[in-house]
Amino acid sequence: MKNLSTILVLAVLITFCVTHVRSDASDHRYNDGDAVPLYANKVGPFHNPSETYRYFDLPFCSAGDVKEKREALGEVLNGDRLVSAPYKLEFRKEKDTEVACRRKLTKEEVAQFRTAVKKDYYFQMYYDDLPIWGFLGKVDKEGKTDPSEYKYFLYKHIQFEVMYNKDRVIEIGAKMDPHSVVDLTEDKVVDADFMYTVKWRETNIPFENRMDKYSQSSSLPHHLEIHWFSIINSCVTVLLLTGFLATILMRVLKNDFMKYAQDEEAADDQEETGWKYIHGDVFRFPKHKSLFAAAHGSGTQLFTLTIFIFMLALVGVFYPYNRGALFTALVVIYALTSGIAGYTATSFYCQLEGTNWVRNLLLTGCLFCGPLFLTFCFLNTVAIAYSATAALPFGTIVVIVLIWTLVTSPLLVLGGIAGKNSKAEFQAPCRTTKYPREIPPLPWYRTTIPQMAMAGFLPFSAIYIELYYIFASVWGHRIYTIYSILFIVFIILLIVTAFITVALTYFQLAAEDHEWWWRSFLCGGSTGLFIYGYCLYYYYARSDMSGFMQTSFFFGYMACICYGFFLMLGTVGFRAALLFVRHIYKSIKCE
């Protein structure tokens, strides 16, 4: 365990260093007339955030040789493909309607631009690591009801306004000139002069605060009011329901303890009832113990990963437009915490008297990564077919495979060996009988599926308001930086999941159903299924996403995320139920 603790500390330090180092351009000081790097990143439909293409996939003209910027792993995973832009913005050098380049657009290129304008394509650039957004063109629908009468125009004049403080760039904005356009309505050859204007203004904003403009957009008063309302609403709802259930549960348990104490003082041959009746079966190990231990190990690793991501977020690593920082952190921390999955799964498997720990270790390594890998292969193939930037280059795939081979797998094996050698025994306060008791017939609402529905609804109700903002950030263009509120919501989610699982486990045992192991895991993880159900609602009712690629990316990767939540919250639910079951059976005399 000491080695695992060292690995965890290293995971945080390495990830912090990798993600918190700003790009080489972001801390530059400039003299008048110095070239400041301007990179064109990508273009794509505004409502389809996953469907992005390289800037020069559209027939823009270039002022010279196009140079590609070398990108980090997280930037590539994020779909960023930075290349030198055709515009030259030297430090404190103003320009007025300067021609960047000229191009004669063929009929095919006009049709290509028209399709892009029709789909609301936007472009993204970075100037000294500050983001620039803009739309490619506009559609004139005024006074026209028939779509065939619409007129399509391409903006050809971009107006930059840059703010500086002494020798540093602080802020940049870009506006498209609505009067300088190219008519794309008809398929005919047209001449396009791509122009730009640059204005410079001095500001007192210090360089250290130049990113505050973007983070404050999610901290505006009306946004904060909604977030705090959601938290108060969740807390009140959860506390009322939790308090109500806790009161009932504690009163029932108190009555149970008094009843069983009286039974012990009465005749010994009196027949036992309720949860005490199954004391000889309640700690009988579950079926498919290898799969159960693997799910427990994977869930523990994902829980650790989530905690570390929150730690990095709360110390300010994931500031807005720190390109790819989150993806880098996810890859690095997941690789370095694989030892936790191996240790937890194998140690628990051996406590359950499992013998084939090597197979259990392989199952642990594949339980989450297997579905994720298959999903990635399918979606990467779709992205390649679309020629989108979401398609990972071969070199990046090799890097990820090497991380898996040289870091994840060895740590998983080391954790498994440490777990096997831990020699820990399962702590059961009651002896298990040789033959299991028969479970009495139960009503339909006490079966697994209805119980999962009941267990998942309450935790989901505590987080569903915050889910919209997270979805709008991940699957849209909204910026989310209020990680402290998100962390509070996460803590509420854990508490409610643990409590509702404990309550349902008690009612299950009271009905003399001793197969609570898998039930507690499934009930705890059922919130992940509710989140996936919310995905359907969000896609059809709250977003304008469309097209096969965007749809497959949204539902494919959300399936993996919800599966991860299922494993993580299932582990939380099971651990809470295990503590509860041990506690109540320690409190009674069972032979």
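Residues: numbered from 1 along the sequence shown.
- Checking side-chain atoms of Gln550 against main-chain N and O of Gly547 turns up no donor-acceptor pair under 3.5 Å.
- Of all heavy-atom pairs spanning Trp475 and Ser50, the tightest one is CZ3-OG, 3.2 Å.
- The minimum heavy-atom distance linking Gly365 with Leu412 is given by the pair CA-CD2, 3.6 Å.
- The closest donor-acceptor contact from the side chain of Asn41 to the backbone of Asp80 lies at 3.5 Å or more, if one exists at all.
- Panel note: side chain Tyr483, backbone Met311; no donor-acceptor pair is recorded below 3.5 Å.
- Counted within 6.0 Å of CZ on Phe310, heavy atoms from surrounding residues, nucleotides or ligands total more than 12; the atom is thus considered enclosed.
- Two residues are said to be in side-chain contact when any heavy atoms from C-beta on lie closer than 4.5 Å; Lys420 and Tyr349 fail this criterion.
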message: Applying side chain to side chain contact (heavy atoms under 4.5 Å, CB included) to Phe376 and Leu372, what does each step give before you reach the verdict?
response: CA-CA 6 Å; Phe376 163 75; Leu372 180 63; 5.6 Å; no

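- Ser338 places a side-chain N or O within 3.5 Å of a backbone atom of Ala335 that can act as its donor or acceptor partner.
- Contact record, Met452 with Phe530: O-CE1, 4.2 Å, taken as the closest heavy-atom pair.
- Interatomic distance, Ile439 CD1 to His514 NE2, rounded to the nearest 0.5 Å: 4.0 Å.
- The backbone N or O of Asp281 sits nowhere less than 3.5 Å from a side-chain atom of Arg437 that would complete a donor-acceptor pair.
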Exercise. How far apart are the C-alpha atoms of Val399 and Val76, what are their side-chain angles, what is the distance that settles it, and do they pass the side chain to side chain contact (heavy atoms under 4.5 Å, CB included) test?
Worked result: CA-CA 11 Å; Val399 169; Val76 179; over 6 Å; no

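- Annotation: side chain of Val489 is not in contact with side chain of Leu493 (no heavy-atom distance under 4.5 Å).
- Minimum heavy-atom separation, Gly419 to Tyr343: N-CD1, 3.3 Å.
- Contact of the Trp518 side chain with the Leu291 side chain is registered, since non-hydrogen atoms from C-beta on lie closer than 4.5 Å.
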Output side-chain donor-acceptor pairs under 3.5 Å for residues 560-576, partner residues at least two apart or in another chain, one line each.
{"from": "Tyr563", "atom 1": "OH", "to": "Leu367", "atom 2": "O", "distance (Å)": "2.8"}
{"from": "Thr571", "atom 1": "OG1", "to": "Leu567", "atom 2": "O", "distance (Å)": "2.8"}
{"from": "Arg575", "atom 1": "NE", "to": "His296", "atom 2": "NE2", "distance (Å)": "3.1"}

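- Gly456 and Pro459 make their closest contact through O-CD, 3.5 Å (heavy atoms, listed as atom of the first residue, atom of the second, distance).
- Side-chain contact check for Thr551 and Tyr539: at least one donor-acceptor pair (N or O, by modelled atom type) lies under 3.5 Å.
- Arg446 is listed as a side-chain neighbour of Phe507, based on a closest heavy-atom distance under 4.5 Å.
- In this structure, CH2 in Trp444 is found 7.5 Å from OG1 in Thr447, a value given to the nearest 0.5 Å.
- Of all the heavy atoms in Asn48 and Ser546, the pair that sits closest is ND2-O, 2.7 Å.
- For the pair Ser473 (side chain) and Tyr469 (backbone), a donor-acceptor distance under 3.5 Å is absent.
- Counting heavy atoms from C-beta on, the side chains of Leu336 and Phe308 never come closer than 4.5 Å.
- The structure places CG of Leu361 at 4.5 Å from OG1 of Thr346, a figure rounded to the nearest 0.5 Å.
- Within 6.0 Å of CZ on Phe373 lie no more than 12 heavy atoms contributed by other residues, nucleotides or ligands.
- Thr52 and Thr389 form a side-chain donor-acceptor contact under 3.5 Å, judged by distance and modelled atom types alone.
- For the pair Tyr334/Leu302, a side-chain contact is recorded, criterion being any heavy-atom separation below 4.5 Å from C-beta on.
- Using modelled atom types, one side-chain atom of Gln451 and one backbone atom of Tyr445 make a donor-acceptor pair closer than 3.5 Å.
- For His477, the NE2 atom sits in a packed shell: over 12 heavy atoms of surrounding residues, nucleotides or ligands are nearer than 6.0 Å.
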- Would Tyr585 and Trp516 count as a ring pair (Phe, Tyr, Trp, His ring centres under 6.0 Å) if you check the C-alpha gap in whole Å, the side-chain angles of each, and the deciding distance to 0.1 Å? CA-CA 14 Å; Tyr585 280 96; Trp516 62 274; 9.1 Å; no

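- The main-chain N or O of Met549 is found under 3.5 Å from a side-chain atom of Ser552 such that the two form a donor-acceptor pair.
- Within the 4.5 Å cutoff, the side chain of His47 has no heavy atoms near those of the Ser543 side chain.
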| task | Would you sort out whether Ile340 and Phe303 count as a side chain to side chain contact (heavy atoms under 4.5 Å, CB included), showing the intermediate values? | result | CA-CA 10 Å; Ile340 293 176; Phe303 177 75; over 6 Å; no

Q. Could you go step by step and tell me if Gln351 and Gln427 meet the side chain to side chain contact (heavy atoms under 4.5 Å, CB included) rule?
A. CA-CA 9 Å; Gln351 288 180 41; Gln427 301 297 320; over 6 Å; no

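- The structure places CD1 of Ile333 at 10.5 Å from OG1 of Thr304, a figure rounded to the nearest 0.5 Å.
- Counting heavy atoms of neighbouring residues, nucleotides and ligands inside a 6.0 Å radius, atom NZ of Lys289 exceeds 12 of them.
- With Trp517 contributing its side chain and Lys287 its backbone, the two residues share no donor-acceptor pair below 3.5 Å.
- Note on ring orientation: taking the six-membered ring where Trp is involved, the planes of Phe548 and Phe378 are perpendicular (angle over 60°, cut-offs 30° and 60°).
- Listed for the Thr344 side chain is no donor-acceptor partner under 3.5 Å among the backbone atoms of Ala341.
- A cation-pi arrangement is not found for Arg542 relative to Phe471, the charged atom failing to lie both closer than 6.0 Å to the ring centre and inside a 45° cone about the ring normal.
- Other residues, nucleotides and ligands contribute at most 12 non-hydrogen atoms within 6.0 Å of the CZ atom of Phe457.
- One distance of note links OH of Tyr534 with OH of Tyr464; it measures 9.5 Å at 0.5 Å rounding.
- Residues Phe46 and Asp544 are not in side-chain contact: their nearest non-hydrogen atoms beyond the backbone lie 4.5 Å or more apart.
- Note that the CD1 atom of Ile400 and the OG1 atom of Thr396 stand 6.5 Å from one another [nearest 0.5 Å].
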